[in-house]
Amino acid sequence: MCGIIGYTGFRKASDVILRGLKTLEYRGYDSAGIAVSGPKGLEIRKGAGKVAEVSESLLFSSLEGNAGIGHTRWATHGKVCNENAHPHANCSKSIALVHNGVIENYLSIKEALSAEGHKFESETDSEVVAHLIEENMKNMPIERAFQESIKALKGSYAIVMAARGENRIFAARKNSPLIAGIGKGEFILASDITAALPYTKKIVPVDEERIVIASEKEIAFYDYSGKEANPNYMEVDWTAETAEKGGFPHFMLKEIYEQKLALPESLAADVKDANALIEKAKNIHIIACGTSYHAGLVLSILLEKQTGKFAKAFIASEYPFIANPEKGTLALAISQSGETADTMQAARFAKAAGAKLLALTNVVGSSLSRLADSTVYLNAGPEVSVAATKTFSSQLALAYRLAYGSEPWAKEIPRAVEKALAQEQSVKSLSSRFKDANDVFFIGRGLSYPIAMEGALKLKELSYIHAEAYPGGELKHGPLSLIQPGTLVVALAPSDESLPKMHGNIKEVKARGAFVIALTDNPEITKEVDFALHVEKSRPELYPFAMLPLLQMLAYYASTSRGIDPDRPRNLAKSVTVE
Ligand code: F6R
C-alpha cells in the first residue's frame with residue numbers, strides 16, 4: 001500500500017532513499033520516485049515502473065543533497081502513469097511530498113484550491129496536500145503551514161515532505177504506518193523498520209496524529225495542537241541482512257527456508273498474559289484477513305477443542321457486519337504486519353463494544369499492538385515477500401502455544417518443517433504440471449482444511465491459476481461437477497482421524513479422471529494417486545507443519561514456471577492499509 005521514506009543527515013540522501021525504496025518495494029511496485037533538496041534546489045524524478053527500472057532510467061543516484069524523500073506506489077487514486085507517481089509538488093515546485101493512505105476529503109480541498117488558481121498535474125488525492133501547504137504558506141512559516149494543512153485532512157495518511165533550501169524533512173501520521181529511525185546525525189522516516197535497519201536499530205513507532213520535524217541535528221514530535229510530544233524509543237534486534245535475499249533467487253524462497261529458524265523463536269514466545277485473557281473470556285472472536293485468517297481458523301478449532309469456549313474466526317472486513325462482540329468477549333486479532341486496515345477497524349469495533357483485545361503480530365510497535373490490551377509477537381523476523389510464508393507457520397506455532405501450552409512434542413515442529421523442505425526438488429518437478437493449468441482444487445478435512453485453503457490462496461495469488469479449497473466432504477455437494485479428466489486436485493491426506501474419509505474423496509475424484517497430487521504418509525494412497533509428496537509420519541498435531549512448506553513451494557514453483565516474479569504478484573501489496 002505504498003512505501004514512503006524520508007532521510008536527512010550526513011549521507012547522500014539519494015543513496016539512502018534508493019536502498020530504502022528497494023526494501024519497501026513489497027508495499028507497492030507500480031511507480032517510484034524521489035525528491036532531493038540539495039545544491040541545485042529541489043529536484044524531483046519519478047515514473048511508472050519498478051524501483052530499479054525507474055531509478056536506472058531517471059538516474060536517481062545522480063541527485064546530490066542530504067535531505068530527501070522517496071516513494072514506491074500501489075495505486076489507489078488514479079491510474080498507473082508518470083503523472084500519478086509520487087513525489088507530488090506544489091505549483092512553484094518548492095515543496096514535494098510522498099503519501100501512503102487515502103485522503104477522503106481531497107475533492108472538496110481540490111475544488112477550493114482550484115478556485116484559488118492552483119493547477120494540478122495528477123489525478124491523485126496526495127497532490128492536493130502539497131498545494132494546500134503552499135496555500136497556507138502564503139500566511140505562515142512552513143512548519144505551521146504543514147501542521148495546519150495536516151489538520152484539515154480526513155482519511156488515512158503517512159506523509160513525508162522535503163522543501164527547497166531545507167535540510168529539514170516534515171512528516172505526519174494518521175492511520176497509516178510510519179516509523180522514525182534515530183541515527184547519530186541522521187534520521188530516517190519510513191513506512192517500516194526494515195528501511196532504517198542499515199543505519200540504526202533505535203526506532204520510534206510514530207504515534208497516531210503526530211507531526212515530526214527532523215533536521216540532520218535533531219528530531220521532534222508534536223501533537224496536532226503543536227505541543228511537543230514524548231516519543232516511545234525502542235531497540236529492535238532485526239538485522240539488515242535478515243531483510244536481504246542472502247543468496248536465494250527470491251525473498252519468498254528464503255522466507256520458506258527461514259521457517260525452521262523462526263519457529264523455535266515463535267514457540268518460545270511469552271503467552272502468560274494472553275492465556276490469562278483467554279481464561280477470563282466468555283467467548284473468543286478471532287479476526288484476521290487472508291493468510292492470517294487461515295491461521296485464525298486453525299486457532300479457532302484448537303481453542304474450542306481445548307478450552308470448551310465458543311471460539312470463531314471472522315474475516316476482519318466482514319466482522320462489523322456480522323458479529324456481536326460484548327463485554328466478556330476476547331477479540332483476538334491476528335496480523336503479520338499489525339497494520340491491516342480491515343483488521344484494525346474490526347479490532348476497534350470489538351473494543352468499542354467492550355471486548356478485550358489480544359494481538360498476534362510480527363511487528364513491534366505496530367498499530368495493532370498499540371491498540372491491544374496485550375500482544376504476543378511472532379518473532380519471525382522481517383518478512384519481505386508479498387506472500388506470507390514464515391509468518392503463517394509462526395502464527396500456527398503461536399496458535400499451538402495458546403491452545404496446548406508447552407507440550408514437549410512442540411519441539412518437533414521445526415523438524416517437521418525441515419523434513420518437508422528436503423523435498424524441494426520433488427515439488428519443483430511438479431511445476432510443469434501447473435504451467436498450463438487453469439483450475440486446481442485443494443481438499444482436506446479437519447485441521448488440514450485451513451491448510452488446504454492456504455495452499456489454494458498461495459497458488460492463486462502467485463501463479464494466477466484459479467484455485468479453490470474444499471473440505472473433502474463438500475465435493476459431492478456441488479464442486480464435483482467441475483472435476484474432469486486431467487483436472488488437478490491436491491489432496492491433504494495425512495494419517496490422522498480424517499484419513500479414511502479423505503481416502504474416499506481421493507477415490508471419488510480419481511474415478512472422474514482427476515490428476516491427483518496427494519500429501520500423505522499413507523502407503524496405499526501413495527500408490528493410488530498420480531503423484532505423492534511424502535509427509536513424515538508423526539503425531540496428528542504436527543501434520544499441518546509437515547504439509548505447509550510443500551504447498552508453499554508448490555505455489556512458488558508454479559509461479560516461477562509461468563515466468564512470474566513470486567515476490568511481486570500483480571495487483572497486490574504486502575501491508576494492506578486501505579479498507
Ligand atoms: C497472502 C497474504 C495476505 C495477508 C493479508 C493480511 O499471502 O499475505 O493474505 O495475510 O493481507 O495481512 P496481515 O497478516 O499483515 O494482516
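In this text, all values refer to a predicted model and were calculated from it rather than measured experimentally. One-based numbering, in listed order, for ligands and for the atoms of each.
Taking distance alone, with nitrogen or oxygen atoms compared against 3.5 Å, Ser337 approaches ligand 1 more closely than that limit. Checked by distance only, ligand 1 and Glu461 come closer than 3.5 Å through their nitrogen or oxygen atoms. An N or O contact shorter than 3.5 Å is missing between Gly338 and ligand 1 by distance.
Residue contacts with ligand 1: Asp342 is excluded, as none of its non-hydrogen atoms falls under 4.0 Å. Under a 4.0 angstrom heavy-atom cut-off, Lys458 registers as being in contact with ligand 1.
Ligand-side atoms of ligand 1 in range of Ser292: 10 (O), 13 (P), 14 (O), range being under 4.0 angstrom from any heavy atom. Applying the 4.0 Å criterion to heavy atoms of Ser335 picks out, from ligand 1, the atoms 13 (P), 14 (O), 15 (O), 16 (O). In the vicinity of Ala387, heavy-atom distances shorter than 4.0 Å reach the ligand 1 atoms 7 (O).
In this structure, atom 13 (P) of ligand 1 lies nearest to the protein heavy atom Thr340 OG1, 3.2 Å. For atom 11 (O) of ligand 1, the nearest non-hydrogen atom of the protein is Val576 CG2, 4.0 Å. Nearest protein neighbour of atom 8 (O) of ligand 1, counting heavy atoms only, is Ala388 N, 3.3 Å.
Remark: aromatic rings of Tyr400 and Phe545 are close, center separation under 6.0 Å. Ring pair Phe248/Tyr257: centre-to-centre distance below 6.0 Å.
Comparing Val386, Leu368, Thr291 against atom 3 (C) of ligand 1, the shortest heavy-atom distance belongs to Thr291. Of all the listed residues (Ala295, Pro569, Cys289), Cys289 holds the heavy atom that lies closest to atom 5 (C) of ligand 1.
For the pair Arg570 and Tyr464, the distance from NZ or CZ to the six-membered ring centre is under 6.0 Å and the angle to the ring normal is within 45 degrees.
Closest of all the heavy-atom pairs between Val54 and Ala32 is CG1-O, 3.6 Å.
Residue pairs meeting the side-chain hydrogen bond (donor to acceptor under 3.5 Å, both in side chains) criterion with at least one member in residues 338-360, sequence neighbours excluded: Asn175-Arg348, Ser337-Thr340, Glu339-Ser367.
Qualifying side-chain hydrogen bond (donor to acceptor under 3.5 Å, both in side chains) partners for Tyr106, counting only residues two or more places apart in sequence or in other chains: none.
For the residue pair Glu474 / Tyr449, no side-chain donor-acceptor distance below 3.5 Å is found, with atom types taken as modelled.
Few gaps surround NZ on Lys309; more than 12 heavy atoms of other groups in view lie less than 6.0 Å from it.
Here CE of Met252 is found 6.5 Å from NZ of Lys458. Values are rounded to the nearest 0.5 Å.
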